[in-house]
> 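I'd like to ask some things about the structure below.
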Amino acid sequence: MPTFNPLVEKLAPPPVPSVFAWGRAYDGSRGPLIDLSQAVPGYPPHPDMLALLGDMASSTAYCGYGPIEGDADLRRAYAEHVSQVYGATLTPENIHVTSGCNEAFASAAMTVAGPGQTVLMTNPFYFNHDTTLAMMGVKMRTVACRPEDGFLPKPDTIAAAITPEVRALALVSPNNPTGAVYPPDLLLAIFELCRARDIWLILDETYRDFLPEAGRAPHGLFGQDDWQERLISLYSFSKSLCIPGHRLGAITAGSKTVEQIAKVMDNLQICAPRSAQAAVARALPMLAAWREDNRQEIVRRAEALTVTMAKLPEWRVDSLGAYFAFVRHPFPAPRSAAVAERLAREAGVICIPGAYFGEGQEAYLRFAFANADAETISLLEERLGDFRPA
């Protein structure tokens with residue numbers, strides 16, 4: 001039998017299906033399954049979004065290939081949207097549409113780093129970023145983020161990790177898995193460090209629509225004179241529009257960077273799904289008020305989790321924001337996967353083990369609380385309070 005690519009074969013199986021399997025073993029004795037695992041919206045798309053998707057999917061206008069960088073309508077609509085969010089001036093030439101944010105990260109990483117070179121990430125990290133780099137033959141090295149610092153990286157720690165083979169630093173804010181929101185002044189300090197050390201900053205902003213305050217720019221990096229030579233921002237339409245199955249994301253970068261990313265995209269996807277692009281181009285300005293309502297709902301769910309976990313002093317929320325809470329479980333001996341598996345099988349609560357997000361995270365579980373409403377979240381008080389792993 002022919003051999004497999006060793007860079008792929010050595011990877012662990014995708015983690016989310018294994019977590020779902022634990023949930024399927026739950027017998028229902030504690031009530032309905034509580035899903036705090038995958039980061040998906042716990043409410044449906046707006047009816048107008050569904051109508052647009054249906055109309056565009058049935059149109060012959062979107063049955064053929066489109067521009068690699070994305071259809072003009074969506075690039076224009078998203079450039080206007082990003083300009084408004086950040087108080088900056090961006091153009092369609094700064095936008096590249098992708099099939100979800102995972103593809104955006106893969107395309108960006110492949111554009112700036114090659115085999116044997118290194119990309120820095122934080123620890124804990126988003127596991128798909130790690131495996132993407134591994135299968136490309138790109139080395140990954142981490143910068144520690146400590147709970148006492150709110151899981152935010154320190155610029156001097158990043159500086160110490162930048163060696164000649166490092167091509168980029170990849171960050172996620174709001175963070176997956178911790179929920180930590182990087183303050184604008186910290187992001188500016190990190191950007192200036194990347195500029196001084198001549199490396200790229202890849203900033204995954206998938207969850208930026210769920211910041212606790214409305215109307216505040218997540219950062220001011222697009223106002224820097226040379227941002228196009230240093231910054232690549234990633235985004236997903238999956239969360240705010242509730243359409244993860246339609247696989248649509250975007251990259252915001254300098255026009256020259258977009259040209260290079262298009263070379264990668266032509267070999268991965270040719271173009272992102274076109275009917276979804278057409279639907280989102282129209283929905284983005286149309287559903288602004290609905291998206292704000294959803295942001296407020298996620299804030300309420302975050303507050304509900306905070307209140308509920310405060311009633312469980314043995315459990316500790318060390319970081320929380322946007323979609324996620326990074327929760328320290330109270331069991332010193334079991335590994336995080338063992339705790340998560342038994343929590344799913346016996347208490348009917350599925351979540352992601354901390355160890356899946358990097359070394360030294362065995363004491364943690366990731367709760368994706370956006371999946372559950374406040375009433376469901378309140379059920380955690382009884383289920384976690386009664387839970388004792390063997």
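One is the number of the first residue; the rest follow in order along the sequence.
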> Treating R366 as the side-chain partner and T178 as the backbone partner, does any N or O pair qualify as donor plus acceptor under 3.5 Å?
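No, because the side chain of R366 does not come within donor-acceptor range (under 3.5 Å) of the backbone of T178.
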> Are side-chain N/O atoms of E205 and S233 paired as donor and acceptor at under 3.5 Å?
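Yes, S233 and E205 have a side-chain donor paired with an acceptor closer than 3.5 Å.
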> What's the spacing between T257 OG1 and I251 CD1 if we round to 0.5 Å?
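If I round to the nearest 0.5 Å, the distance is 9.5 Å.
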> Give a yes or no on whether a salt bridge exists between E297 and R301, defined as a side-chain N under 4.0 angstrom from a carboxylate O.
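Result for this pair is yes, salt bridge flagged.
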> Taking side chain as C-beta onward, heavy atoms only, is F369 less than 4.5 Å from T306?
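No; the side chains remain at least 4.5 Å from each other.
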> How long is the span from the CG atom in L384 to the OG1 atom in T308, to the nearest 0.5 Å?
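So the gap between those two atoms works out to 9.5 Å.
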> Whether E103 and R247 form a salt bridge (side-chain N of Lys/Arg under 4.0 Å from carboxylate O of Asp/Glu) is what I want to check.
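No, no charged N to carboxylate O under 4.0 Å.
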> Hey, is E259 close enough to K256 for a salt bridge, meaning N to O under 4.0 Å?
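Between K256 and E259 there is no salt bridge, as every charged N stays at least 4.0 Å from the carboxylate O atoms.
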> Out of curiosity, W200 CH2 to L169 CG, how far, rounded to the nearest 0.5 Å?
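Spacing of CH2 (W200) from CG (L169) equals 13.5 Å.
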> Please lay out, stage by stage, how K239 and D209 fare under the test salt bridge (Lys or Arg N to Asp or Glu O under 4.0 Å).
CA-CA 8 Å; K239 316 304 179 184; D209 298 297; over 6 Å; no
> If we ignore hydrogens and angles and just use 3.5 Å, is the side chain of R141 paired with the main-chain N or O of A161 as donor and acceptor?
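Confirmed, R141 side chain pairs with A161 backbone.
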> Rounded at 0.5 Å granularity, tell me how far CG in L248 sits from SG in C101.
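Taking CG in L248 and SG in C101, the distance rounds to 11.0 Å.
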> For the atom pair CZ (F20) and CD (Q38), what is the distance rounded to the nearest 0.5 Å?
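Spacing of CZ (F20) from CD (Q38) equals 4.5 Å.
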> Tell me if a side-chain donor or acceptor on R75 pairs with a main-chain N or O of P92 at a distance below 3.5 Å.
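Yes: the side chain of R75 pairs with the backbone of P92.
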> Is a side-chain N or O of S107 found less than 3.5 angstrom from the main chain of A104, in a donor-acceptor match?
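No, because the side chain of S107 does not come within donor-acceptor range (under 3.5 Å) of the backbone of A104.
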> Heavy atoms, side chains only, cut-off 4.5 Å: are P155 and L186 in contact?
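Answer yes - side chains close enough.
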> Of the options D130, T122, N128, which is the one that meets Y126 in a side-chain hydrogen bond (donor to acceptor under 3.5 Å, both in side chains)?
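Only one option passes, and that is N128.
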> For the residue pair P15 and I352, establish whether any side-chain heavy-atom pair is separated by less than 4.5 Å.
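Side chain of P15 against side chain of I352, heavy atoms only: no contact under 4.5 Å found.
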> For R335 and E362, indicate whether the former's side chain and the latter's backbone hold a donor-acceptor pair under 3.5 Å.
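No: the side chain of R335 does not pair with the backbone of E362.
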> Check whether any side-chain heavy atom of Y235 lies under 4.5 Å from a side-chain heavy atom of I95, and answer yes or no.
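Sidechains of I95 and Y235: no contact.
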> Are the charged groups of K154 and D156 less than 4.0 angstrom apart, N to O?
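Not counted as a salt bridge, because no side-chain N and carboxylate O are separated by less than 4.0 Å.
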> Which of these, V97, T252, N94, sits in a side-chain contact (heavy atoms from CB on, under 4.5 Å) with Y78?
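Only one option passes, and that is T252.
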> In Å, rounded to the nearest 0.5 Å, how long is the span from CD1 of I162 to OG1 of T157?
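These two atoms lie 11.0 Å from each other.
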> Would you find a donor on one side and an acceptor on the other, under 3.5 Å apart, between the side chain of Q277 and the backbone of A272?
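Yes.
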> Quick check: do I68 and H96 have side-chain heavy atoms less than 4.5 Å from each other?
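In short, these two side chains touch, coming nearer than 4.5 Å.
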> Taking the six-membered ring of F191 as reference, does the NZ or CZ atom of R230 fall below 6.0 Å from its centre and within a 45° cone about the axis?
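Because its charged atom misses either the 6.0 Å distance or the 45° angle limit, R230 does not stack over F191.
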> Other than I270, which residues form its hydrophobic cluster under the rule that side-chain heavy atoms must be closer than 4.5 Å?
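Members besides I270, by chain and number: Y65.
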> Does the side chain of R291 come within less than 4.5 Å of L284's, by heavy atoms?
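They are in side-chain contact.
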> Short question: side chain of R274, backbone of G64 - any donor-acceptor pair under 3.5 Å?
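Yes: the side chain of R274 pairs with the backbone of G64.
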> Under a 3.5 Å distance rule, please check whether R167 uses its side chain to pair with a backbone N or O of P164 as donor and acceptor.
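Side chain of R167 to backbone of P164, a donor-acceptor pair under 3.5 Å: no, none is there.
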> Under 3.5 Å, is there a donor-acceptor pair linking the side chains of Q296 and E292?
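A donor-acceptor contact under 3.5 Å links the two side chains.
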> What I'd like to find out is whether the side chain of L380 reaches to under 4.5 Å of the side chain of L36, using heavy atoms alone.
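L380 reaches L36 side chain to side chain.
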> Identify the heavy atoms of A217 and P184 that sit nearest to each other, and give their distance.
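In terms of heavy atoms, the two residues are closest at O-CG, 4.3 Å.
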> A side-chain contact here means heavy atoms from C-beta on lying under 4.5 Å apart; do L133 and M121 qualify?
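A side-chain contact under 4.5 Å exists here.
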> Taking atom types as modelled, is there a side-chain donor on Y26 or R345 under 3.5 Å from an acceptor on the other?
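No, no side-chain donor-acceptor contact under 3.5 Å.
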> Y364 and S319: side-chain donor and acceptor closer than 3.5 Å?
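There is no such pair (donor and acceptor under 3.5 Å, judged by atom type) between the side chains of Y364 and S319.
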> Are the side chain of N175 and the backbone N or O of V172 linked by a donor-acceptor pair below 3.5 Å?
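Yes, because the side chain of N175 sits within donor-acceptor range (under 3.5 Å) of the backbone of V172.
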